[in-house]
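Please read these numbers as outputs of a predicted model, since none were measured by experiment.
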Amino acid sequence: MQKSILITGCSSGIGLCAAKMLQARGYRVFATARKSQDVTSLREQGLESEVLDLNDSNSIQSALQEILLKTGGRLDALFNNAGYTQAGAIDDLSRDMLRAQLETNVLGPMELTNAVLAIMREQGYGRIIQNSSILGIISMPFRGAYNMSKFALEGWSNTLRQELRGTAIYVSTIVQVLW
């Protein structure tokens with residue numbers, strides 16, 4: 001049976017490349033993006049695609065339900081790739097800017113993962129892949145909000161990995177190096 005994967009943040013970059021590569025290797029890829037015009041573009045490129053905005057709980061649930069309808073309720077893997085960098089000196093970043101960074105890079109992926117975990121627990125297996133950064137391990141000036149979000153993602157992923165020990169649900173973290 002063809003394995004299925006949901007990938008967030010596929011409008012460009014790593015998400016788009018991963019979607020195309022996995023599809024070429026025989027996976028059933030659900031390439032998601034936040035903007036409807038990006039979803040249209042992904043579909044034109046031959047990918048199955050849904051709108052999924054990690055800052056919107058309704059969007060998360062709607063996209064996941066649509067994907068599950070197409071897979072008969074199964075999902076083999078989730079690749080939490082979507083995110084962005086909020087640059088600026090720490091003392092120039094407002095609370096709203098920090099909150100927005102955490103919503104997209106941490107809280108949205110957590111909500112989506114928790115929903116997917118329920119499916120994976122029921123089916124008895126799965127893989128969760130987190131796209132992190134070297135800035136989740138070391139920090140860099142003028143990237144305080146992004147550093148904070150990736151440190152949080154790393155800590156949450158490590159905890160999730162420990163809590164899932166002994167199950168057939170595996171958590172992997174990809175660390176991007178900037179240089």
Side-chain angles (χ1 to χ4, degrees), residues 1-84 104-106 108-134 136 150 153-154 156-158 160-178:
M1 185 176 275
Q2 188 179 33
K3 292 194 176 204
S4 59
I5 182 167
L6 186 168
I7 306 174
T8 64
C10 292
S11 58
S12 64
I14 291 170
L16 180 58
C17 289
K20 288 180 174 182
M21 187 248 336
L22 288 168
Q23 183 184 50
R25 291 187 179 182
Y27 286 81
R28 185 167 186 192
V29 176
F30 294 93
T32 67
R34 161 175 72 87
K35 297 177 184 173
S36 58
Q37 61 265 33
D38 291 332
V39 168
T40 300
S41 174
L42 289 164
R43 289 177 180 164
E44 289 169 354
Q45 295 175 64
L47 293 161
E48 292 186 72
S49 187
E50 299 294 332
V51 171
L52 195 161
D53 182 348
L54 289 171
N55 295 327
D56 181 347
S57 294
N58 291 328
S59 178
I60 290 169
Q61 290 303 315
S62 176
L64 184 56
Q65 290 310 310
E66 189 63 34
I67 291 165
L68 292 174
L69 281 173
K70 294 176 180 178
T71 65
R74 250 185 64 244
L75 191 60
D76 296 291
L78 167 64
F79 180 17
N80 279 316
N81 170 68
Y84 77 99
T104 301
N105 290 12
V106 182
M110 288 174 78
E111 182 177 345
L112 176 59
T113 300
N114 287 342
V116 168
L117 266 176
I119 295 148
M120 291 180 174
R121 286 183 190 280
E122 188 173 314
Q123 68 193 18
Y125 65 92
R127 176 161 302 274
I128 298 160
I129 305 149
Q130 311 284 25
N131 191 4
S132 188
S133 168
I134 192 69
K150 292 301 180 175
L153 185 71
E154 288 284 333
W156 169 61
S157 298
N158 290 337
L160 186 59
R161 187 178 302 110
Q162 293 169 359
E163 291 177 358
L164 293 170
R165 186 174 288 130
T167 72
I169 303 170
Y170 302 98
V171 178
S172 303
T173 306
I174 297 170
V175 177
Q176 297 178 47
V177 180
L178 303 173

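The backbone N or O of Asn131 sits nowhere less than 3.5 Å from a side-chain atom of Asn81 that would complete a donor-acceptor pair. Distance alone, capped at 3.5 Å, places no donor-acceptor pair between the Thr8 side chain and the Asn80 backbone. No side-chain donor-acceptor contact under 3.5 Å links Ser133 to the backbone of Val175. In this structure, Lys35 contributes its side chain and Asp53 its backbone to no donor-acceptor pair below 3.5 Å. Ser41 contributes no side-chain N or O that, together with a main-chain N or O of Gln37, makes up a donor-acceptor pair within less than 3.5 Å. Using a distance-only test at 3.5 Å, with no hydrogens or angles considered, no donor-acceptor pair links the side chain of Asp76 to the main chain of Gly126. Judged purely by atom type and a 3.5 angstrom limit, Glu50 has no side-chain atom pairing as donor or acceptor with the backbone of Leu64.
Looking at Val106 and Trp156, their side chains never come closer than 4.5 Å, going by heavy atoms from C-beta outward. Side-chain contact between Ile174 and Ile14 is absent, with no heavy-atom pair separated by less than 4.5 Å. In this structure, the side chains of Pro109 and Leu54 come closer than 4.5 Å at one or more pairs of heavy atoms.
With Thr173 as the fixed residue, the side-chain hydrogen bond (donor to acceptor under 3.5 Å, both in side chains) test singles out one of Gln130, Arg161, Glu154: Arg161. Tested against Leu78 for a side chain to side chain contact (heavy atoms under 4.5 Å, CB included), the candidates Leu117, Val116, Val171 yield a single pass: Val116.
Counting non-hydrogen atoms of neighbouring residues, nucleotides and ligands closer than 6.0 angstrom, the CD atom of Gln2 exceeds 12 such neighbours.
Taking each heavy atom of Met120 and Arg127 in turn, the nearest pair found is CE-O, 3.4 Å. Residue Ser59 comes nearest to Val51 through the heavy atom pair OG-O, 3.8 Å, listed as atom of the first residue, atom of the second, then distance. When all heavy atoms of Ala19 and Cys10 are compared, the closest pair comes out as CB-SG, 4.3 Å. The two residues Ser4 and Arg74 make their nearest non-hydrogen contact at OG-O, 3.7 Å.
The CD atom of Gln123 sits 7.5 Å away from the CD1 atom of Ile169 when rounded to the nearest 0.5 Å. Here the CZ atom belonging to Phe30 is positioned 13.0 Å from the CG atom belonging to Leu42, to the nearest 0.5 angstrom. Taken to the nearest 0.5 Å, the OH atom of Tyr125 stands 11.0 Å off from the CD1 atom of Ile119. A distance of 8.0 Å separates CD of Glu48 from CD of Gln23, quoted to the nearest 0.5 Å. Rounded to the nearest 0.5 Å, atoms NZ (Lys150) and CG (Asn105) are 5.0 Å apart. Atom CG of Asp38 sits about 10.5 Å away from atom OG1 of Thr32, to the nearest 0.5 Å.
Using modelled atom types and a 3.5 Å distance limit, the side chains of Ser62 and Glu66 yield no donor-acceptor pair. Side-chain contact, Ser11 with Arg34: no donor N or O sits under 3.5 Å from an acceptor N or O.
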Checklist entry - Would Leu52 and Ile67 count as a side chain to side chain contact (heavy atoms under 4.5 Å, CB included) if you check the C-alpha gap in whole Å, the side-chain angles of each, and the deciding distance to 0.1 Å? => result CA-CA 11 Å; Leu52 195 161; Ile67 291 165; 5.5 Å; no
